[in-house]
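The next block holds one structure in the form of structure tokens; read it before the comments.
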Amino acid sequence: MPRESKRALRERANRIFELLAEEYPDAECALRHRSPFELAVATILSAQTTDERVNMVTPELFGRYPDAHALAAADLAEVEEIIRSTGFYRNKARNIVGFAQALVEEHGGEVPRSMEALTALPGVGRKTANVILGNAFGIDEGIVVDTHVKRLSRRLGLTREENPEKIERDLMVLFPRERWTLLSHLLIFHGRRVCDARRPRCEACVVAGLCPSSRV
DNA sequence: ATCCCGAGGG
DNA sequence: CCCTCTGGAT
């Protein structure tokens, strides 16, 4: 069995992207809020939880603290109480209030638009910054390689690498830049709902026909 | 029992 | 590099 050509691989990869985008039309806006501020805060809260859980607390959170100035002056204990169900709530409360304070003090209350400025802010690492840049500003800086993206990329035969940075490079070559951000969301959605670590449900998978690991 | 759209700190 | 922080889903 001959190895798949680069061209064939790229075509298969982008066909997978299109099928997943069709399957999960709301993947890109699951965390999209009214302003970059809301999106950034919601993204910080989303660490180690689901979008659904974050979306349950954001109405109350942004009802009380509609902008960076309000959140910067918030009472920590109150914020903790509101976001409790998202997990890591003490860290996250400290982070989003500190984030708001940094926005006010260093960026005039606005969310900055560069990877460097974002990752300098409390609670924002590379992954969170990537999501903020992609969803709030349409800037595709890179691909977030979390455990889902890693697992699915390998199962789908998009990479043979193990190292997340090498996986990211392979994916960046395979997909046009304007698909980088959405790709992460699609693989994460699919990883949670269908292609999980324990028992992948190939019979319910829309890209099973394009997947070398599929059992069907 | 185990895993998760992570970041910060020792 | 390894640890901690948390709740919820499965």
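The structure presented is a predicted model; accordingly, all values stated were derived computationally and were not measured. Naming convention: chains lettered A, B, ... in sequence-line order (proteins, then strands); numbering from 1 in each chain.
Across B:dG9 and C:dG7, the matching C1' atoms stand 22 Å from one another, rounded to whole Å. Atom P of B:dA7 sits at a distance of 23 Å from the matching atom of C:dA9, rounded to the whole Å. When the P atom is used for both B:dG8 and C:dG8, the distance is 24 Å, rounded to whole Å. Rounded to a whole angstrom, the distance from the P atom of C:dC3 to that of B:dC3 is 15 Å.
Within the 4.0 Å cut-off from OP1 or OP2 of C:dG7, not a single side-chain nitrogen or oxygen of A:Thr86 is found. Residue A:Arg90 places at least one side-chain N or O closer than 4.0 Å to OP1 or OP2 of C:dT6. For A:Thr128, a side-chain nitrogen or oxygen approaches OP1 or OP2 of B:dA7 to under 4.0 Å. For A:Arg84 and C:dT6, the shortest distance from a side-chain N or O to OP1 or OP2 is not below 4.0 Å.
The closest side-chain heavy-atom distance from A:Leu187 to A:Asp146 is not below 4.5 Å. Contact of the A:Val194 side chain with the A:Pro200 side chain is not registered, since no non-hydrogen atoms from C-beta on lie closer than 4.5 Å. Contact annotation: the side chain of A:Asp51 approaches that of A:Phe189 to within less than 4.5 Å [non-hydrogen atoms, C-beta and beyond].
Rounding to whole angstrom units, CZ of residue A:Arg198 and P of C:dT10 are separated by 14 Å. Whole-Å rounding puts the A:Lys150 NZ to B:dC3 P distance at 13 Å. The interatomic distance linking A:Arg193 (CZ) with C:dT10 (P) rounds to 11 Å, in whole Å. Rounded to whole Å, atom P of C:dA9 lies 19 Å from atom CD1 of A:Ile188. At whole-Å resolution of the value, CG in A:Leu45 and C1' in B:dG6 are 12 Å apart. Between the CZ atom of A:Arg53 and the C1' atom of B:dC3 there is a distance of 15 Å, given to the nearest Å. Between the CZ atom of A:Arg94 and the P atom of B:dA7 there is a distance of 14 Å, given to the nearest Å. Here B:dG6 presents its C1' atom at 18 Å from OH of A:Tyr89, a figure rounded to the nearest Å.
Checked by distance alone, A:Asp146 brings no side-chain donor or acceptor within 3.5 Å of a matching partner on the base of B:dC4.
Contact annotation for A:Ile83: no contact, since no heavy-atom pair falls under 4.0 Å across all strands. Using a 4.0 Å heavy-atom distance criterion, A:Thr49 is classed as a sugar-phosphate-only contact.
Comparing B:dG6, B:dG8, B:dC5 by their closest approach to the side chain of A:Asn95 singles out B:dG8. In the set B:dC5, B:dG6, B:dG8, the nucleotide with an atom closest to the side chain of A:Phe88 is B:dG6. The A:Arg151 side chain lies nearest to B:dC4 when the options are B:dC5, B:dG6, B:dC4. If you check B:dG6, B:dC4, C:dG8 against the side chain of A:Ala47, the one that comes closest is B:dG6. With C:dG8, B:dC5, B:dG6 as the choices, the nucleotide that has an atom nearest any side-chain atom of A:Arg192 turns out to be B:dC5.
Heavy-atom distances to DNA chain B give each of A:Thr50 and A:Thr119 a nearest nucleotide, and the one nearer the 5′ end belongs to A:Thr50.
Hydrophobic clustering (ILVMFWY, side-chain heavy atoms < 4.5 Å, transitive): A:Val57 and A:Phe88 are in distinct clusters.
Considering CZ of A:Arg151 and CG of A:Asp196, their distance stands at 6.5 Å, rounded to 0.5 Å. Taking OH of A:Tyr65 as the start and CD1 of A:Ile96 as the end, the distance is 8.5 Å to the nearest 0.5 Å.
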